[in-house]
Amino acid sequence: MFKNKFWCRLMTAMAVLSLTLLIGGTAIAKEQITLELPSMSPIEKTGQEIITTGNVGLAYQMYKLALWNSLHPEAKVVPKFPHGRGGRDRDFILTSLAGGDAPCYYRASAISPLYDAVKMGAAADITEIVNDPKLKAEYFDHMTPILKDYWKNILWIGDRCYGVVGEVNPFGLYYRKDWFKEAGIFNAQGVGAPPDHWTYKDFREIAKKITDPKKKRWGLLLRGHPSQVGVLMDMERFGAEEIIPDKTGKYTWRAGFTLPPMVEYMTYLHDMIFEDKSVLTGIEFGWGECWHGFFDQSKGGMIYDALPNGLVQYALRDRDCFRPLHFAEAAGLAPFPIGKGGIKEARAYGAGWMINPLLTDAEKKATVEFLLYSEVGIGREMARMYDYWRSKTKKPWPGNIHSFCGVPPNAEYLKPLGYGLPADYIHAWNLIMEEKIRPSLSLFGMYVKNMTGVLDALASATGKIISDPNVDIKKALSQAAAVANSKLNYKDENITPEKLKAYYTAVSEYYKETAPDFYKNTFQPLLEKYYKVW
């Protein structure tokens, strides 16, 4: 009996010891992680704000974090409240990185271009993480084509990845449907709208037609800086290039301001402003002037600052403007006009994040997984449910038009039936979806130093062109090119003729597929005369 009790106790003790070692070993092997997230509200006021103000959005955010923590006890997340900046401010991010207390991720747009972020040590290389077979199968293999193009062009340098994206929205154009109807301008579907596949010739004529000096109405409200939405996208659709390779080999890059496509575009813009008098713009015109001029002041019939998901929100909630018309009766969405030789180059806005490079490998992986959870997986589905709740129409709207959680690349889930969206929005969205993003320099491991200085020089010339009816356009561009070239007087040995050949070969294929007339009649001659250095 004694022996049996002894062996029983011994076996029990061994079992307990084994279990203890197993649990302890698991705890040691599986690192306990705490991720500090960027946010916009002081933590001590979070609960009070939810209670006293009824801030359901904040409550949803806190619930999303709590759900993650319950599902991932080994990688807990806590809000980090960096002076109200939420990881969106360049100076804050760099300062907090230097101090070792930066949040685990932050907006990629806060530190751009990407090369600068990498050079300053502000972006972690997460290539191995995003290439993990499990994450690829669960998330990255389901990216829509436009999202994958955006991600590769914006957050990769060559074959190395420095961030993730959760959504992307290609820009379009907002227009006043009621003004178009008054002017007798209808598309093939009978809606007051531009023609489905309109050109810049159509665009210019329409802008003139809806301009009414007596009512202080202009056809187009335009931001006056080339680095902002509008001018830059117009230039691209004329085939204009801000920089080109240096044919002499002394430097890497030269300004492309004096090439024919840039001169052609600036002449077109100048004529619309001073001959047609159909454009309200100026060097002081930014986002606010254009936005309020269109929405609140009824000064313009078209603006470029159009993200499709924003228009859908306004259509369903009927933003308080355009009274007595409902928003969806007054405002419409259209793709940009088709450019020279058929160019339909997409320019998009996306939500992208870089990962804090000071994190451990386990923390970096957990951060990527949290971002996927938050912006693509369960967290995004909760956001859609929240959007459903807060919509005045009690119908959901797609706040994340292009996520990659299995959403097809077309607009099937935007069908009007059950979603309350006007059919013309769906039609316009499908037209915008025909556009494709052009390959970037970054995709081929290349970079332009001092690009901000180059754009500032171009902005100076643009300012003269949009404000002086008697300006010598070629002279203004030539002077700006000289200033830009002073910023480009360097030789980057990492940018080889082989890399340039690979890049321009990809661009050639892009134009050959998307704009064959431009490729044949304009791009090939430009390639031989200005771009080819191999």
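This one's a predicted model, so the numbers in the text were calculated from it and none came from an experiment.
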- Verify whether the ring centers belonging to Y519 and Y510 lie closer than 6.0 Å. no
- Message: With a sphere of 6.0 Å drawn around NZ of K499, does it hold more than 12 non-hydrogen atoms of other residues, nucleotides or ligands?
- Response: yes
- Any chance you could lay out the ring pair (Phe, Tyr, Trp, His ring centres under 6.0 Å) test for Y174 and Y304, step after step, and finish with the verdict? CA-CA 6 Å; Y174 289 168; Y304 287 143; over 10 Å; no
- Start with the C-alpha distance between K208 and E205, add both sets of side-chain angles, then the distance that settles salt bridge (Lys or Arg N to Asp or Glu O under 4.0 Å), and finish with yes or no. CA-CA 5 Å; K208 285 194 292 186; E205 291 303 314; 3.3 Å; yes
- Message: Among E509, E345, E513, exactly one meets salt bridge (Lys or Arg N to Asp or Glu O under 4.0 Å) together with K436. Which residue is that?
- Response: E513
- Message: Please report whether the ring centroid of Y268 lies less than 6.0 Å from that of F238.
- Response: yes
- Is the shortest heavy-atom distance from the side chain of E329 to the side chain of D178 under 4.5 Å? no
- Given side chains that start at C-beta, do those of K449 and Y490 come closer than 4.5 Å, heavy atoms only? yes
- Message: side-chain hydrogen bond (donor to acceptor under 3.5 Å, both in side chains) for S440 and N153? Distances and angles first, verdict last.
- Response: CA-CA 5 Å; S440 69; N153 277 283; 3.0 Å; yes
- Would you say the side chain of F140 lies within less than 4.5 Å of the side chain of W151, judging by non-hydrogen atoms? yes
- Message: Would you say NZ of K247 has more than 12 non-hydrogen atoms from neighbouring residues, nucleotides or ligands within 6.0 angstrom?
- Response: yes
- Look at the aromatic rings of F180 and Y175 and report parallel, tilted or perpendicular, splitting at 30° and 60°. tilted
- Query: Any sub-3.5 Å donor-acceptor pair from R254's side-chain atoms to L488's backbone N or O?
  - Reply: yes
- Task: Determine whether K209 and I185 make a side-chain contact, defined as any pair of heavy atoms from C-beta on separated by less than 4.5 Å.
- Result: yes
- Query: Quick one: are I432 and L333 in side-chain contact, heavy atoms under 4.5 Å?
  - Reply: yes
- Gap separating the OG1 atom of T452 from the CG atom of D116, nearest 0.5 angstrom: 7.5 Å
- Task: Could you tell me if the ring centre of F274 sits under 6.0 Å from that of H270?
- Result: yes
- Task: Evaluate the ring planes of F322 and F294, with Trp represented by its six-membered ring, and classify them as parallel (under 30°), tilted (30 to 60°) or perpendicular (over 60°).
- Result: perpendicular
- Taking everything shown except K520 itself, do over 12 heavy atoms lie less than 6.0 Å from its NZ? no
- Query: Between R438 and T514, is a side-chain hydrogen bond (donor to acceptor under 3.5 Å, both in side chains) present by the stated rule, with each step listed?
  - Reply: CA-CA 10 Å; R438 179 180 133 160; T514 61; over 6 Å; no
- Report yes if some heavy atom in the side chain of E241 is under 4.5 Å from a heavy atom in the side chain of L526; otherwise report no. no
- When rounded to the nearest 0.5 angstrom, what distance separates NZ in K464 from CG in L477? 9.5 Å
- Task: Check the pair R223, E289 against salt bridge (Lys or Arg N to Asp or Glu O under 4.0 Å), reporting the backbone distance first and the verdict last.
- Result: CA-CA 8 Å; R223 296 198 205 185; E289 287 76 16; over 6 Å; no
- Message: Within this structure, what is the CG-CE distance for the pair L441 and M446, rounded to the nearest 0.5 Å?
- Response: 5.0 Å
- CG/L97 to CZ/F92 distance, rounded to the nearest 0.5 angstrom? 8.5 Å
- Message: Can you confirm whether or not the ring centre of W198 sits under 6.0 Å from the ring centre of F203?
- Response: yes
- Message: Less than 4.5 Å apart, side chain to side chain, heavy atoms only: is that true for V118 and I157?
- Response: yes
- Item | Interatomic spacing from CG in D202 to CD1 in I338 - rounded to 0.5 Å | 9.0 Å
- Query: Does K344 NZ have over 12 foreign heavy atoms under 6.0 Å away?
  - Reply: yes
- Task: Sequence neighbours left out, what passes side-chain hydrogen bond (donor to acceptor under 3.5 Å, both in side chains) with E275? Give chain and number order.
- Result: none
- pair V448-M451: side-chain heavy atoms closer than 4.5 Å: yes
